[in-house]
Amino acid sequence: MKRRTFLSLSAVAAATILIGQSFIPTNKINATDFKSKLPIPPMLEGEEINGVINYNLEILKAKHNFFKDVLTDTYAINGTYLGPTLKLKNGSKVSINYTNKLNESTTMHGHGMHLPANMDGSPHQLINPNETWSAKYQVKQRACTNWYHPHPEGRTAWHVYKGLAGLMIIEDNESQDLDIPRNYGVDDIPLVLQDRFFDRSGQIYYSPSMMQVIRGYISDTFVTNGAINPYIDVEAKEIRLRLLNGSNSTVYHLKFSDGRDFKQIAVDNSFLQKPVTLDYLRLSPGERAEIIIDLQDSFGKSFYLKELKENRAFVKFNVSKKATKKTKTPKILTKLESYSPKDAVNLRTFTLSAGMRSLYINGKSMEMDRIDEIVPINKIEIWEIYNQRMMMMGMQHNFHIHGTHFIILERNGKSSNVNDNEKGYKDTVYIGPGERVKLLVKMTDYIDEKVPYMYHCHFLEHEDAGMMGQFIVSKNQRRV
Ligand code: C2O
Ligand code: CU
Ligand code: CU
């Protein structure tokens, strides 16, 4: 089953070069210069039926206004681009019901969710057109910002690019007690950061060349919650931003235009133990960060969230409202359980590399019917990920594991290379060219000897080109 090789992609590459000229840098046809309001994805709290909270989601073909007077064809969930934010409470039983109204099959994966493998929404839980598939499980994890997105084998990148993704906010008792902003859309603001190419007629243009598969499909127009160059009016107080890098394969180097610092309070799957003060944040595809910006002294000011390398902005903040209710983010946020490397029972290594036809993990590209690793339940393991440099160039990658979180133990052989803002529960880790990271991984709660979880690079073009593998969680320690 070889359906995505670089050979077929290079035909597209040739086409891209030919018609490349017809691109318009879309910032030019976009007349709204930070004058349109930032959309906030609606919050879906779910409906309780017999003790189970049900969320009903329809995956649709839609038309969305990225540009004034232009309707762009999209895929969306319950709307016209992206999907609602699901609010989940730790401990509750949920049923997330996805109905596929597209003409093609897809899946919906709970990225960052701790759930059984058959509820994961991986390539193995296809939802055919007009079918409903439900992810049913009990929420069993700390407060964090997760997200859902399609994961069909070989087509994930396209489905996400076309607009399918949404946030999942998990709250627990601890998060509800902290003196931090929690007024959704007002001082607790979700920001789904993406970039897109649009063609001359304002349609989403997705056609990666071989080079773009390798380097990433880095597109010229920033889109924030589905809007180009939006603004938001905020109060002069602490503001919490939930940042998701929802791009296909662009690493964002984020900074505020006035250089202001901020505190990072959470990573992918948990709060950090203590806020970490930063003035710059790198976020690779799939990673999340929650940050607090203190605007108490900024009344009347405006500034932008910018991408450093591109020197362009995602969104403009106008501090135009007086604070109603202030918060004071505490110095200690939580206490995280760590794992000791001494307790590790296995060392697994994963080498990320590129070949002529595919991208590889340990020399293999993804096969749906091959299990690559068998991981024993409730055991701590060390997973070492190595981004092998090639002769001519290094590639950027990251690494994501389904169904659990991990702790970053080392970067390039040293624990001191792990940044303070990576010292939380992570599910996706950036790995630069030639870099090696060691992770402490433990799978808990769910054994399934048949249905696998995935691990992969979250650069979606890399994932679709084969940089993905499968593991099952077993009762016993055994080999494939
Ligand atoms: Cu965000 Cu395998 O996924
Ligand atoms: Cu995932
Ligand atoms: Cu990659």
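Counting starts at 1 for both ligands and their atoms, in listed order. The analysis underlying the following values was restricted to heavy atoms, covering all of them including side chains, and did not include hydrogens, waters or symmetry mates.
- With waters neither drawn nor counted, the protein N/O/S atoms under 2.8 Å from the Cu ion (ligand 3) amount to 3.
- Using modelled atom types, one finds a donor on one side chain and an acceptor on the other under 3.5 Å when comparing His124 with Gln470.
- Within His111, the N, O or S atom lying nearest to atom 1 (Cu) of ligand 1 carries the name ND1.
- Vertex atom 1 (Cu) of ligand 1; arms to His149 atom NE2 and His458 atom NE2; angle 110° (nearest 10°).
- At a threshold of 4.0 Å, the pair Arg242-Glu290 counts as salt-bridged, since one of the basic side-chain nitrogens sits closer than that to a carboxylate oxygen.
- A salt bridge links Asp188 with Arg240; the closest basic N to acidic carboxylate O contact falls under 4.0 Å.
- With hydrogens and angles ignored, the 3.5 Å screen pairs no side-chain donor or acceptor of Asn245 with any backbone N or O of Glu287.
- A 4.5 Å side-chain heavy-atom check between Arg155 and Ser105 finds at least one atom pair inside the cut-off.
- For a distance bound of 2.8 Å, the N, O or S atoms of His109 include one lying that close to the Cu ion (ligand 2).
- Note on Lys162 versus Asp73: no salt bridge recorded, every NZ/NE/NH1/NH2 to OD/OE distance being 4.0 Å or above.
- A donor-acceptor contact shorter than 3.5 Å is absent between the side chain of Asp427 and the backbone of His400.
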